[in-house]
Amino acid sequence: QVQLVESGGGLVQAGGSLRLSCAASGRTTTMYAMAWFRQAPGKERDFVAAMTWSGSSPYYADSVKGRFTISGDNAKKTVYLQMNSLKPEDTAVYYCALRTLSQATARAHEYDYWGQGTQVTVSS
């Protein structure tokens with residue numbers, strides 16, 4: 001079992017920045033791919049960004065490309081999402097996810113573990 005705990009959400013004005021963190025604990029030897037998803041009220045959970053610990057290039061949803069950066073600290077078992085130039089449409093609950101297979105994917109159902117989510121609100 002793996003536990004994921006997100007932090008770093010909050011309220012920010014449009015154009016501002018936030019950094020989300022996702023700390024993993026438990027059976028972290030099976031961590032292969034990590035991702036961030038988000039879900040706005042009344043909408044489906046959408047892919048934001050994903051990476052693997054193997055060093056392959058991360059990839060992003062088109063809506064956040066150039067503004068968000070996913071990174072990880074393997075020693076700390078922590079994944080980050082740096083969010084810059086935030087827009088009101090970025091408002092959502094952001095979830096960290098872990099996949100125990102080696103390839104990252106943008107499909108939520110292919111992830112095995114999820115955090116509880118952290119709220120990000122961007123005011124206009």
Side-chain angles (χ1 to χ4, degrees):
Q1 292 291 326
V2 176
Q3 295 77 43
L4 303 174
V5 178
E6 301 101 331
S7 61
L11 173 64
V12 65
Q13 288 188 331
S17 298
L18 282 174
R19 189 176 81 154
L20 306 183
S21 299
C22 172
S25 61
R27 195 174 177 183
T28 56
T29 53
T30 59
M31 299 171 54
Y32 290 107
M34 303 289 293
W36 289 94
F37 289 78
R38 66 186 182 186
Q39 188 167 19
K43 296 188 177 181
E44 294 185 351
R45 191 167 296 189
D46 291 331
F47 170 75
V48 175
M51 61 167 281
T52 67
W53 295 102
S54 65
S56 58
S57 297
Y59 64 101
Y60 302 89
D62 288 341
S63 59
V64 306
K65 202 171 293 182
R67 299 189 298 123
F68 291 11
T69 302
I70 187 171
S71 62
D73 185 330
N74 199 14
K76 295 182 178 179
K77 304 300 183 187
T78 300
V79 174
Y80 305 98
L81 185 68
Q82 178 67 45
M83 306 186 294
N84 299 328
S85 302
L86 282 161
K87 305 175 182 179
E89 51 263 44
D90 294 319
T91 295
V93 177
Y94 282 70
Y95 296 91
C96 173
L98 180 150
R99 189 174 193 227
T100 56
L101 295 177
S102 59
Q103 187 173 11
T105 168
R107 294 179 287 273
H109 71 273
E110 294 184 353
Y111 284 81
D112 303 292
Y113 298 96
W114 292 83
Q116 81 289 349
T118 185
Q119 176 70 47
V120 171
T121 303
V122 184
S123 63
S124 57

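Since we're looking at a predicted model, the values are computed, not measured. Sequential numbering from 1 along the given sequence is applied to the chain's residues.
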*Evaluate side-chain contact (heavy atoms from CB on, under 4.5 Å) for W114 paired with Q116, printing each intermediate quantity in order.*
CA-CA 7 Å; W114 292 83; Q116 81 289 349; over 6 Å; no
*Verify side-chain contact (heavy atoms from CB on, under 4.5 Å) between L18 and F68, making sure each step is shown before the conclusion.*
CA-CA 10 Å; L18 282 174; F68 291 11; over 6 Å; no
*Show your reasoning for whether side-chain contact (heavy atoms from CB on, under 4.5 Å) applies to Q1 and R27.*
CA-CA 5 Å; Q1 292 291 326; R27 195 174 177 183; 5.8 Å; no
*Check the pair D62, K65 against salt bridge (charged side-chain N to carboxylate O under 4.0 Å, His left out), reporting the backbone distance first and the verdict last.*
CA-CA 5 Å; D62 288 341; K65 202 171 293 182; 3.0 Å; yes
*Between M83 and V120, is a side-chain contact (heavy atoms from CB on, under 4.5 Å) present by the stated rule, with each step listed?*
CA-CA 10 Å; M83 306 186 294; V120 171; 3.9 Å; yes
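Residue Q119 holds its CD atom at 7.5 Å from OG1 of T91, rounded to the nearest 0.5 Å. We find the OH-CG distance between Y95 and D46 to be 12.0 Å, quoted to the nearest 0.5 Å. Here the OG atom belonging to S124 is positioned 14.0 Å from the NZ atom belonging to K87, to the nearest 0.5 angstrom. Remark: E44 CD to Q39 CD distance equals 8.5 Å, nearest 0.5 Å. Interatomic distance, CH2 of W36 versus CG of L20, reported as 4.5 Å (0.5 Å rounding). Interatomic distance, CD of Q82 versus OG of S17, reported as 5.5 Å (0.5 Å rounding).
Although no hydrogens or angles enter the test, the distance criterion places a donor-acceptor pair under 3.5 Å between the side chain of R67 and the main chain of S85. Between the side chain of R38 and the main chain of V48, no donor-acceptor pair closer than 3.5 Å is present. Looking only at distances, no side-chain donor or acceptor of Y32 sits under 3.5 Å from a matching main-chain atom of A104. The closest donor-acceptor contact from the side chain of Y94 to the backbone of E6 lies at 3.5 Å or more, if one exists at all.
Annotation: Q103, atom CD; neighbour count of heavy atoms from other residues, nucleotides and ligands within 6.0 Å does not exceed 12.
Between K76 and T78, the shortest heavy-atom distance links the atoms O-OG1, 2.9 Å. The nearest pair of heavy atoms linking A92 to A40 is CB-N, 3.8 Å. Across all non-hydrogen atoms, the minimal contact from T69 to Y60 is CA-OH, 3.4 Å. Pairing each heavy atom of L4 with each of A24, the nearest pair is CD2-CB, 3.7 Å. Taking each heavy atom of C96 and M34 in turn, the nearest pair found is SG-CE, 3.7 Å. Nearest approach of A49 to L81, heavy atoms of both residues: CB-CD1, 4.2 Å.
In summary, the aromatic rings of F47 and Y111 are positioned with their centroids too far apart to meet the 6.0 Å limit.
Remark: R45 is not positioned above the aromatic ring of F37, lacking an NZ or CZ atom under 6.0 angstrom from the ring centre and at most 45 degrees off the axis.
V93 is not connected to I70 by any chain of hydrophobic side-chain contacts under 4.5 Å among Ile, Leu, Val, Met, Phe, Trp and Tyr, and they are in different clusters. Following chains of ILVMFWY side-chain contacts shorter than 4.5 Å, one can reach Y113 starting from W53, so the two form part of one hydrophobic cluster.
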